[in-house]
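Remember, it's 1-based here, ligands and their atoms both numbered in the order they're listed.
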Amino acid sequence: MRIVLLGAPGSGKGTQAQRLQAKYGVPQVSSGDLLRDAVARGTELGLKAKAVMEAGQLVSDDIVLGLIRDRLSRPDAAKGFILDGFPRNEDQADSLNELLTSIGQPLEAVLLLDVPHETLMQRLAGRRLCPTCGSVYNVHSLDGATTCPKEGTALYQRPDDKEEVIGKRLEVYAQQTQPLIEYYSKLGLLRTVAGEGELDSVFERMEAAALAKPVSAASVKVRKARPQAKKAGAQKSAKKSGKKSAKKAPKKVITTPARKSAKKPARKKAVKSGKKVASRKVVKKTVRTAAKKTVSRSKVARKRAKAAARKK
Ligand code: AMP
């Protein structure tokens, strides 16, 4: 497993990386943890990074790359790694590619944890940590407790989780890290995972995405929507919008009122003006007798023709 976890601050990269590490025995390599460790130990590098981190900005690429290179050269990383928080911009991504190519350990996948902005704000502002075991909690689920349920130690808030810094971190993510979504999708490595919901469900999705075999674009068939399904959809939406769909519209009944109305006024006019007009009954009778006459005439003609034929 050689993967990168991509996602905004608060998307749950750290939590999911720890779970993957526990299950697959592959180390979580978190650039944020490496930097915080350097700060805590008061190293020269840590002193340089401290102020930048507390302002919600990115630490310089060479410092972070140095830490990552050291960490990946340790024996436990030979069987794989879960990179969490690195890379954070395109230059770091290029450097990572070079480094991994040189050690013959190319990336297998980049998992993007997708979480809405409001959820990120809520998670970051409410995040509390245990200094002893490193467990992560949220004030919303602590029911007012201020100590770690496992260790009993007082929980603390990361300095960069203060509300005034959160906004800056999310802004830096949008400007510098988000372009990596396109960067890795162009390389065919990106897999997006919905990062909201139960931790176990998110983890299942992460695992599925991490272990999925890469699929070549050429082998993906795109099915065209069936025309019928389209019609059904069109009818539904027409129903919703109150419009009559083409299929359900009543058939246009073609009547011939034009003829009748054209004759009626003429007859009415004639009656009004005192002209002699045959009554409707008489008209109908005349039509019937005329029709009968035509029939009987044709019968006579047929009989005559038969007789002539017999004579011959
Ligand atoms: P994180 O724990 O990943 O949220 O990182 C905390 C802080 O460490 C960030 O806000 C940055 O100041 C710094 N940091 C972590 N990873 C990187 C990185 N890859 N490049 C630059 N700065 C980083």
For atom 6 (C) of ligand 1, tell me which residue out of Lys168, Lys50, Arg36 has the closest non-hydrogen atom. Arg36
Counting from 1, what ligand 1 atoms have a heavy atom of Asp160 closer than 4.0 Å? 6 (C)
For atom 20 (N) of ligand 1, what's the nearest protein heavy-atom neighbour? Residue, atom name and distance, please. Gln92 NE2, 3.0 Å
Mind checking whether Pro87 has an N or O less than 3.5 Å away from an N or O of ligand 1? no
Is ligand 1 under 4.0 Å from a heavy atom in the side chain of Gln176, in the backbone, in both, or in neither? neither
Measure from the side-chain N and O atoms of Arg191 to the backbone N and O of Ala209, and report whether any donor-acceptor pair falls under 3.5 Å. yes
Run the contact test for Lys13 against ligand 1 with a 4.0 Å cut-off on heavy atoms, strictly below, and give the result. no
Which of the listed options, Val59, Ile68, Leu67, Thr177, holds the heavy atom that is closest to atom 22 (N) of ligand 1? Val59
With a 4.5 Å heavy-atom cut-off, do Leu20 and Gln28 have their side chains touching? no
Report the part of Val64 in contact with ligand 1, treating N, CA, C, O as backbone and CB onward as side chain, heavy atoms under 4.0 Å; options are side chain, backbone, both, neither. side chain
Taking atom 5 (O) of ligand 1 as the reference point, the nearest protein heavy atom with its distance: Arg88 NH2, 3.4 Å
Should you measure from each heavy atom of Arg158, which atoms of ligand 1 turn up under 4.0 Å away? 1 (P), 2 (O), 4 (O), 6 (C)
Closest approach of any protein heavy atom to atom 23 (C) of ligand 1, naming residue and atom: Leu35 CD1, 3.7 Å
Whether the side chain of Lys13 engages the backbone of Gly7 through a donor-acceptor N/O pair (distance < 3.5 Å, no angle test) should be reported. yes
May I ask you to check whether over 12 heavy atoms, not counting those of Glu182, lie within 6.0 Å of atom CD? no
Name the closest protein heavy atom to atom 16 (N) of ligand 1, giving the residue it belongs to and the distance to 0.1 Å. Ser31 OG, 2.8 Å
Would you confirm whether Arg88, through its side chain, and Leu58, through its main-chain N or O, come within 3.5 Å as a donor-acceptor pair? no
Name the option, out of Glu54, Met53, Arg169, that contains the heavy atom nearest to atom 7 (C) of ligand 1. Met53
Is it the side chain (CB and beyond), the backbone, both or neither of Asp84 that lies under 4.0 Å from ligand 1, heavy atoms counted? neither
Please identify which atoms of ligand 1 are closer than 4.0 Å to at least one heavy atom of Gly32. 2 (O), 5 (O), 15 (C), 16 (N)
For Gln57, the atoms of ligand 1 under 4.0 Å from one of its heavy atoms are 11 (C), 12 (O)
Main chain of Val139, side chain of Arg128: is a donor-acceptor contact present, judged purely on distance under 3.5 Å? no
Going from CD on Glu196 to CG on Leu120, what distance comes out if it is rounded to the nearest 0.5 angstrom? 8.5 Å
Distance-only, no hydrogens or angles: does the Arg127 side chain make a donor-acceptor pair with backbone N or O of Arg158 under 3.5 Å? no
Exam field: side chain Asn138 to backbone Arg123, donor-acceptor pair closer than 3.5 Å: yes
Counting distance only, does the side-chain N/O of Thr192 pair as donor-acceptor with the main-chain N or O of Leu112 below 3.5 Å? no
